[in-house]
2 protein chains.
Amino acid sequence: MGKDDRRMRIGELSARTGVSIRSLRYYEQCGLLTSTRTAGAQRLYADDAVDRVRLLRRLFDGGLSSETIATLLPCVDTPSGDITVQALDVMRRERERIDAQISALLATREHLDALMVGAADHLARQRDDTLAATA
Amino acid sequence: MGKDDRRMRIGELSARTGVSIRSLRYYEQCGLLTSTRTAGAQRLYADDAVDRVRLLRRLFDGGLSSETIATLLPCVDTPSGDITVQALDVMRRERERIDAQISALLATREHLDALMVGAADHLARQRDDTLAATA
DNA sequence: GTAGAATCTGACATAGATGTCAGGTTCAAC
DNA sequence: GTTGAACCTGACATCTATGTCAGATTCTAC
């Protein structure tokens, strides 16, 4: 089953995902991303590595740590009972963390909005004063 | 104007805000929080320090850095034109950052939910299989 | 005035993803 | 074959808020 033997090197994967080469190597080191190697030890990736990296980015961007992601992935890749049970637990915890963080961000954003209104008012008042003084 | 001369030391402020003593000292070092000192150089805070610390926490929790907060505070404390103009700019940028981060978190949460459904399904199927084999 | 709790300063440690550099090897194209 | 680009590994740097420790000082209560 020859599949499509078209494989890319790390530079291309980096270009196609927008993720730095350094990070790709780091992901591999954490066991989040795998590659085959050429005779000369250069990494080769299949096309689906692009999707894998995008998945990783989404999880990283949601604030999951590499370690947490490493706990999750086996359940995605090779589901088995024991693995999945812990993974589900981790996912629940992460979900709660995300909810909490969203709440914090919303609260801060509102506070920021209030501050911005205050600041804008201050500037407007100041401008009016200046105009009045000039007139 | 004697005000209320009731002043607390750092331990009490820490207890009342839930923020570690270490962090309170750090905030002061960054210019985000001020204190008077006893003859023996111990920090004394007025009651309103509690609110100040809560404000700081809200901003920190929203992901603002101490440096960013330092840019903002003068506009809250002693509004003046120049300061306010830059502060408004910073606030706008932070607001955008917060929006982006919320989006990222929502996307991750959805992805996580999908993964959880898959994992739960897997477990359910597995359990059914076991039951069937036992029966 | 003395004991013990609280506080002071200054320094070093931590975490985690990523940047960056050095010195060496491999690959692709000509 | 040769050259220049791409890649390899390993190491050290970064950033920021906070923890922690040590040694000294101050405050509070008795």
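Below, chains carry the letters A, B, ... as their sequence lines are ordered, and counting in each starts from 1. Values below: every heavy atom of this structure, side chains too, minus hydrogens, waters and symmetry copies.
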I'd like to know if the side chain of B:T17 and the backbone of B:L13 have a donor-acceptor N/O pair within less than 3.5 Å.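 Side chain of B:T17 to backbone of B:L13: a pair is present.
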Tell me whether B:T108 contacts the main-chain N or O of B:A104 through its side chain, where contact means a donor paired with an acceptor under 3.5 Å.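 A pair under 3.5 Å: yes.
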Taking the nucleotide of DNA chain D with the nearest heavy atom to each, does A:R43 or B:C30 sit closer to the 5' end?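 Going by which nucleotide is closer to the 5' end, it is A:R43.
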Enclosure of A:E110 CD (heavy-atom neighbours >12, cutoff 6.0 Å):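 Count not over threshold, so no.
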Going by the side-chain hydrogen bond (donor to acceptor under 3.5 Å, both in side chains) test, which pairs reach into residues 82-91 of chain B, not counting sequence neighbours?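 Listed by first then second residue: B:D89-B:R93.
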Taking only heavy atoms on the protein side, list every residue of residues 92-101 of chain A lying under 4.0 Å from any atom of DNA chain C, sorted numerically.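 Within this stretch, nothing sits under 4.0 Å of the strand.
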For [X] and [N], what is the distance between atoms [atom1] and [atom2] respectively, to the nearest whole Å?
| X | N | atom1 | atom2 | answer |
| --- | --- | --- | --- | --- |
| A:L44 | C:dT26 | CG | P | 14 Å |
| B:L56 | D:dT16 | CG | P | 17 Å |
| B:M8 | C:dT7 | CE | P | 12 Å |
| A:Q29 | D:dT9 | CD | P | 10 Å |
| A:R7 | C:dT26 | CZ | P | 20 Å |

Salt bridge (charged side-chain N to carboxylate O under 4.0 Å, His left out) partners of residues 28-39 of chain A, not counting sequence neighbours, each pair once: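 As it turns out, the salt bridge (charged side-chain N to carboxylate O under 4.0 Å, His left out) pairs with a partner in residues 28-39 of chain A, which skip direct neighbours, are A:E28-A:R37, A:E28-A:R43.
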Keeping to residues at least two apart or across chains, list the ring-ring contact (aromatic ring centres under 6.0 Å, His included) pairs with something in residues 67-97 of chain B.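 Applying ring-ring contact (aromatic ring centres under 6.0 Å, His included) to every pair that reaches into residues 67-97 of chain B, excluding sequence neighbours, yields nothing.
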Same cluster for [X] and [Y] if Ile/Leu/Val/Met/Phe/Trp/Tyr side chains link at under 4.5 Å?
| X | Y | value |
| --- | --- | --- |
| B:L56 | B:I98 | yes |
| A:L55 | A:I69 | yes |
| A:L72 | A:I83 | no |
| B:V90 | B:L64 | yes |
| A:L73 | A:L88 | yes |

Does A:R37 have a side-chain nitrogen or oxygen under 4.0 Å from the phosphate oxygens OP1 or OP2 of D:dT9?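 Looking at the OP1 and OP2 atoms of D:dT9, one of them is under 4.0 Å from a side-chain N or O of A:R37.
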Could you tabulate the donor-acceptor pairs under 3.5 Å formed by side-chain atoms of residues 112-125 of chain A, not counting sequence neighbours?
from: A:D113; atom 1: OD1; to: B:R95; atom 2: NE; distance (Å): 2.6
from: A:D113; atom 1: OD2; to: B:R95; atom 2: NH2; distance (Å): 2.9

Which residues, if any, of residues 58-75 of chain A bring a heavy atom under 4.0 Å of DNA chain D?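 The stretch gives none, as no residue of it lies under 4.0 Å from the strand.
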Please list residues of residues 15-28 of chain B whose heavy atoms come under 4.0 Å from any atom in DNA chain D, ordered by number; otherwise none.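 Contacting residues: B:S20, B:R22, B:S23, B:Y26, B:Y27.
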Partners meeting side chain to side chain contact (heavy atoms under 4.5 Å, CB included) with A:T78 (sequence neighbours left out):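 In terms of side chain to side chain contact (heavy atoms under 4.5 Å, CB included), with neighbours along the sequence ignored, A:T78 is linked to no residue.
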Please enumerate all residues that pass side chain to side chain contact (heavy atoms under 4.5 Å, CB included) together with B:S66, with sequence neighbours excluded.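 Here the qualifying residues are B:Y26, B:C30, B:L32, B:F60.
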For nucleotides 22-30 of chain D, just jot down a letter per nucleotide in 5' to 3' order: B, S or -, based on protein non-hydrogen atoms under 4.0 Å. ----SSS--
Identified stems (criterion: three or more consecutive Watson-Crick or G-U pairs, under 3.5 Å), DNA chain C: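 Listed by first number, the stems are C:1-30 with D:1-30.
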Could you pull out all residues at least two apart from B:D77 that satisfy salt bridge (Lys or Arg N to Asp or Glu O under 4.0 Å)?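 Partners of B:D77 by the salt bridge (Lys or Arg N to Asp or Glu O under 4.0 Å) criterion, ordered by chain and then number, come out as B:R52.
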Assess whether side-chain contact (heavy atoms from CB on, under 4.5 Å) is satisfied between A:R9 and A:L44, documenting all intermediate values. CA-CA 5 Å; A:R9 291 195 290 165; A:L44 291 181; 3.7 Å; yes
